[in-house]
Q: 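Sharing a structure with you now.
Note on naming: letters A, B, ... go to the chains in the order of the sequence lines (proteins, then strands), and numbering restarts at 1 for each one. Note that the structure is predicted; figures quoted are calculated from it, not measured.
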Number of protein chains: 2
Amino acid sequence: MSDQKIRNMEEFAAASGLSRPTISKYFNDPGSVRAKTRERIEAALERYEFRPNIFAMNQNRSLTKNVGIVVPYLADPFFAEIARIIQRRCIDAGFTPILYSAHGEQKLEGEILEGLTALKPAGVFLAPLGRLSDRGAIDRFCRNVPTVLFDSNIEGMGEAFVGSDNFSFVKQTVDYLCRTGAPPCFFEMRTPANPNANKRRHAYLKVMAEAGLEPHVVQVEGEGWGFEEIGRRGAHEVLERHTLPTNTVLCSNDRLAIGFLAGCYERGLRVGRGEGCALRVASHDDHPFSRFTCPSLTTAAHQYELVADKCMETLFSLIEAGGRFETREETLIPARLILRASA
Amino acid sequence: MSDQKIRNMEEFAAASGLSRPTISKYFNDPGSVRAKTRERIEAALERYEFRPNIFAMNQNRSLTKNVGIVVPYLADPFFAEIARIIQRRCIDAGFTPILYSAHGEQKLEGEILEGLTALKPAGVFLAPLGRLSDRGAIDRFCRNVPTVLFDSNIEGMGEAFVGSDNFSFVKQTVDYLCRTGAPPCFFEMRTPANPNANKRRHAYLKVMAEAGLEPHVVQVEGEGWGFEEIGRRGAHEVLERHTLPTNTVLCSNDRLAIGFLAGCYERGLRVGRGEGCALRVASHDDHPFSRFTCPSLTTAAHQYELVADKCMETLFSLIEAGGRFETREETLIPARLILRASA
DNA sequence: GTTTTTTCTTTACGCGCGTAAATTTGTGAT
DNA sequence: ATCACAAATTTACGCGCGTAAAGAAAAAAC
């Protein structure tokens, strides 16, 4: 390692005995220069550890190596986990992932998208807020930036969507509950922010209808992203008033279920499928904490790796296609049923 | 809104009837131009919605408006929460926060710091991995970039540290447990990655000694960031072998406690302070989920807002001081005791 | 109305790199 | 050795903005 400081590509080219355009070529694609040249550059790189100025690089490129990852709420471990996997894939593929969370706020989501546009990203993975999103702002963004929506679909926006097959989620849990006990009622928020919630309700109604069973949807009030508290309060309400139509409860998502289980515990109700249990509770998502609820939660799990892989794959082909697809691609990943103690 | 497209500052200057350097001044500090001029610019801004090219801006500035926020593990809601608050403060202060998670990996932490250096940030909030960090890499980074460490202290690195007063955390929980029942044993991982864990153990030993009580430290094996599972397994171990020295357990942190409570539940043990309860369990952090454990968790809470505010305040004065402090500042924020059902 | 001070304009250069065109050098096959 | 072709070099321009210097214009002070 030489003590001589390299200030720019010009100096580095001189130090390695090559021309600046050749160095520039190397950094844009190391494979685009002859093997011997590459070796000389890499040898010089070890001695001087030069790195091209990222701002100057991006200024003169129509599209950068930046990839935006936008999630609606990072304090939700589901999004933290999916973001983590996508991020790693991006790094491995030579991109520079930049992670954003809208923290449940429409205004912040808008600001993020504006700022992201200025970064001229090669592509963006966007999990929108859903009902709270400013559709106009998202549409405008998707027109300017190659975008893959994930988790939460907004019809017609973005070049592709990668999400979960909500029917598969609900079908598996309902079938399991019916097979091993009684048909469930469906427990959810009355005005969910996330479109998956609506899809799950519809799936529940359809599955029950196909099985010739009478559906029961139990809806609780509540706004915002404090799902656990909404689930807990909801549990107290329905248990207090005895308005629960069955003893088998299928929650729309794990965070609601976590709250629901807490509510049951507070009321001294035992949940599970053994004897002495007053209720069975199952859910969807396989939230990282659902393994540690009391009792542990039976749930339909996202296949995080599959979703992330499909996201990456979609973005790659989108970039290769120049940022636009002929027709909007939609990929739905099925669930994997996880049997635990709660049902 | 005019349909005419503005491509750069030159064109925008022409459109607003001013010179480019004046526009440049405005964007660097809107207050540095006369009020009337500012109005003219802002009027033009509404018509053409021009935004200066971020790459060209940063290229010619020695320090940017970027602020890095680096946390060790974003899937831990504690970090998600603290990052969220700091991020909002940064935005409100006119900075551009960029969030990174090392996801528990030393290599990734190193790569993040390298990439961050290239962004010439005005300042960085760094919560290092702790024991797993490459101290050399962190030291090198802190020398090049104005850095405020938070959460996890590494002696001598960074210009300042903002964290929690672990003694205050442990003092409050121990005192409460002693006052309302029996002195606790201390439950923790044998080889914790985070230095706060060691400080909490020492605080426990000190508080117990000061009260003239015999301390009992219970350590469980386990590596990585799956604290809940480690706590759960630990609970089964100590309960199976009856090696728990007391019926009052103080966990080092909430994630361990969440696992511990799950273990207790699985063994049919009732936790709480009422009659019929076999154990009392308390902990530290006020993890966002500790409200929803069964039973809900008594814990010493971080004062998230205070920590975030102090972080911002420190970074501001650090930036004003030109990126260096005479002496390294250390701020420790005390805890707030939250009484719930588990103890 | 004149002077002083602040603000703005004009002009000009530099930042570090992308990239195109034309030329030269190097490589491998005939 | 000759040719064809790939790869590297030289030269040159542009990206969009920061920023400095000098002079002009506007605002404030007298």
Side-chain angles (χ1 to χ4, degrees), chain A residues 4-45 48-66 94 96 115 117-122, chain B residues 4-45 48-66 94 96 115 117-122:
Chain A
Q4 187 188 339
K5 297 284 179 197
I6 301 290
R7 325 194 101 262
N8 54 37
M9 199 178 274
E10 191 83 49
E11 289 186 16
F12 180 74
S16 55
L18 292 163
S19 72
R20 190 177 67 74
T22 303
I23 307 290
S24 175
K25 260 193 103 185
Y26 169 82
F27 276 108
N28 282 317
D29 177 10
S32 69
V33 300
R34 203 188 308 152
K36 278 189 182 173
T37 312
R38 188 163 58 243
E39 283 166 24
R40 286 173 65 184
I41 294 177
E42 274 155 9
L45 223 41
Y48 303 106
E49 66 163 341
F50 159 76
R51 298 190 58 171
N53 181 301
I54 193 170
F55 300 112
M57 282 181 67
N58 286 335
Q59 179 175 20
N60 300 312
R61 271 213 277 245
S62 47
L63 98 171
T64 67
K65 282 284 191 178
N66 295 330
T96 305
T117 309
L119 291 182
K120 296 188 281 190
Chain B
Q4 187 186 340
K5 296 283 179 198
I6 301 291
R7 325 193 100 262
N8 54 38
M9 199 178 276
E10 191 82 51
E11 290 186 18
F12 180 74
S16 55
L18 293 163
S19 73
R20 190 177 67 73
T22 303
I23 307 290
S24 175
K25 260 193 102 184
Y26 168 82
F27 277 108
N28 282 318
D29 177 9
S32 68
V33 300
R34 200 191 310 151
K36 276 189 183 173
T37 313
R38 189 163 55 244
E39 282 166 24
R40 286 174 65 184
I41 294 177
E42 274 155 8
L45 221 41
Y48 303 107
E49 67 164 338
F50 160 76
R51 298 191 57 170
N53 182 301
I54 194 170
F55 300 111
M57 283 182 67
N58 287 335
Q59 179 175 21
N60 300 313
R61 272 212 277 244
S62 48
L63 100 170
T64 67
K65 281 284 191 179
N66 295 329
T96 306
T117 309
L119 291 182
K120 297 189 281 190

Q: Parallel, tilted or perpendicular for A/Phe50 and A/Phe27, by the 30°/60° rule?
A: perpendicular
Q: Provide, to the nearest angstrom, the distance between the CG atom belonging to B/Leu18 and the P atom belonging to C/dT7.
A: 15 Å
Q: Measure the distance from CG on B/Asn8 to C1' on D/dC17 and round it to the nearest whole Å.
A: 9 Å
Q: Taking only the side-chain heavy atoms of A/Gln59 (C-beta and beyond), determine which of C/dC8, C/dC17, D/dC15 contains the nearest atom.
A: D/dC15
Q: What does the list of N/O pairs under 3.5 Å between the protein and nucleotides 11-14 of chain C look like, with a distance for each?
A:
residue : atom : partner : partner atom : Å
C/dA12  : N6   : B/Arg20 : NH2          : 3.4
C/dG14  : N2   : B/Asn60 : ND2          : 3.3

Q: With sequence neighbours left out, what residues match A/Glu10 under side chain to side chain donor-acceptor pair (under 3.5 Å)?
A: none
Q: Using heavy atoms to find the nearest nucleotide of DNA chain C for B/Arg34 and A/Lys36 separately, return the residue whose nucleotide is more 5′.
A: B/Arg34
Q: Do B/Ile23 and B/Leu18 touch side chain to side chain, with heavy atoms closer than 4.5 Å?
A: yes
Q: How long is the line joining CZ of B/Arg51 and P of D/dC17, in whole Å?
A: 12 Å
Q: To the side chain of B/Val33, which of C/dG18, C/dC8, C/dC17 is closest?
A: C/dC8
Q: Between B/Thr37 and C/dC8, does any side-chain N or O lie under 4.0 Å from OP1 or OP2?
A: yes
Q: What pair of heavy atoms forms the shortest contact from B/Ile41 to B/Phe12, and how long is it?
A: O-CZ, 3.9 Å
Q: Give the rounded distance in Å between these two atoms: CG of A/Asn53 and C1' of D/dC15.
A: 13 Å
Q: Starting at atom CD1 of A/Ile54, determine the distance to atom P of D/dG16, rounded to an integer number of angstrom.
A: 19 Å
Q: When we call it a touch if two heavy atoms are under 4.0 Å apart, what does B/Phe12 touch: a base, just sugar-phosphate, or nothing?
A: nothing
Q: Could you state the atom-to-atom distance from CE of B/Met57 to C1' of C/dG16 in whole Å?
A: 17 Å
Q: Using whole Å, report how far CD1 of B/Ile41 lies from C1' of C/dC8.
A: 11 Å
Q: What pair of heavy atoms forms the shortest contact from A/Ala56 to B/Gln59, and how long is it?
A: CB-NE2, 3.3 Å
Q: Please confirm whether the shortest side-chain N or O distance from B/Thr22 to OP1 or OP2 of C/dT9 is below 4.0 Å.
A: yes
Q: A/Ser19 has a side chain; which of D/dT9, C/dC17, D/dG18 sits nearest to it?
A: D/dT9
Q: Ignoring hydrogens, what is the shortest heavy-atom contact between A/Pro121 and A/Thr64? Give both atom names and the distance.
A: CA-OG1, 3.7 Å
Q: Can you list the steps and then say if B/Lys120 with A/Asn53 is a side-chain contact (heavy atoms from CB on, under 4.5 Å)?
A: CA-CA 10 Å; B/Lys120 297 189 281 190; A/Asn53 181 301; 4.2 Å; yes
Q: Would you kindly give the CG-to-C1' distance between A/Asp29 and C/dG18, to the nearest whole Å?
A: 15 Å
Q: Look at all strands and tell whether A/Asn58 reaches a base, only sugar-phosphate, or nothing, counting heavy atoms closer than 4.0 Å.
A: nothing
